[in-house]
Each structure stands twice: as structure tokens, then as C-alpha cells.
Amino acid sequence: MMHILAVAGFILIFVSGLIDFTSLRPILEKGIAPVLRVAYSQTLYFPFGEVIVFAMIFPYTKNVKKTALIVFSAIMLNGINLMITMIVSIGVLGLSHVFKLKNPSPLVFPIGLVVLFYSLSLAQNYFEHVYEGLKTIPFTLHLPFQIVIPALLLVIAFLRN
């Protein structure tokens with residue numbers, strides 16, 4: 001029921017003409033190659049590593065093909081829902097629109113300060129942030145918990161049966 005209400009809401013927003021598609025530009029400004037490069041290098045573990053964990057459940061279901069179809073459909077529908085939600089959010093609500101300002105310039109400094117202080121609380125500088133996010137976290141958290149441990153559990157499950 002909730003999904004039907006969400007779809008109806010998106011349709012009503014679209015029909016009302018509130019979406020400004022110029023807010024979504026540029027789309028693929030440098031082509032599809034940079035998107036694919038990032039997809040295979042930086043988003044391999046996060047947030048899709050959970051799929052590997054759930055894939056371990058497949059052998060224990062009664063109908064593996066039906067389960068795979070349901071899981072694949074759920075992932076695709078979730079991706080489509082996220083995409084539609086982001087497009088509608090960006091298209092309808094600009095940050096200046098939320099605060100009822102004609103010009104978004106007055107918001108740049110306060111939002112910049114909030115981002116600055118928050119980012120300094122997470123990492124002392126940009127290089128530390130990049131190092132932690134791209135070098136440390138994928139190998140200390142994502143790789144073990146989303147690939148190594150599930151793979152070991154799968155091997156153990158096959159050896160026990």
C-alpha cells in the first residue's frame with residue numbers, strides 16, 4: 001500500500017509541473033566511462049556487498065531460480081525507487097527553494113561552514129579523509145565483512161554438507 005502511495009505522489013508531482021529538469025544537469029558530462037570507472041573501483045564493496053551475504057542463503061532455499069528472480073527484482077526495483085526519489089528531490093527542491101530565496105548565494109557561506117566543521121571532526125585534512133575512505137575502510141571493513149567472511153562461511157557450509 002505504501003508503495004502505491006509513493007508512486008501516486010511521484011506521478012502527482014510530475015504532472016503538477018514542479019520538477020525543474022535543468023537542476024539535474026549536467027548528465028554524463030564526460031560520458032559513461034567515468035561512471036563505470038567509479039562503479040568498479042569505489043563502489044564494489046559499498047553498498048552492494050550485502051548482496052554477497054544474501055547470496056549465501058540461495059543454496060538453502062527450496063526453489064533457487066525463483067529466489068534469484070525475486071532477489072534480482074527487489075534489487076532492481078530498489079535501485080529504480082532510489083533513482084526516482086533522487087530525481088524528484090533534486091528537481092523539485094533546490095536548497096534556495098526550501099528557504100524561499102530567489103538567489104541561493106546567501107546559503108553558500110553558512111552551509112560551507114557546517115560542512116567544514118563536520119568534515120574536520122571526521123578527518124584532520126582532505127588527504128586523511130581520502131586515505132581512510134579509499135585505502136583503509138575498504139580493506140579493514142568492507143573486504144573482510146562482505147567478501148572474506150561470507151566466502152569462508154560458504155566454504156565451511158559446503159565442507160560440512
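Here, residue 1 is the first one in the sequence, and each next residue gets the next number. Given the structure is predicted, the values throughout are model-derived calculations rather than measurements.
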If hydrophobic clusters are built by linking Ile, Leu, Val, Met, Phe, Trp and Tyr wherever their side-chain heavy atoms come under 4.5 Å apart, do [X] and [Y] end up in the same one?
| X | Y | value |
| --- | --- | --- |
| Ile147 | Phe139 | yes |
| Met76 | Leu69 | no |
| Leu159 | Ile149 | no |

Out of the candidates Ile84, Asn78, Leu82, only one should pair with Ile80 under the side chain to side chain contact (heavy atoms under 4.5 Å, CB included) rule; please name it.
Ile84
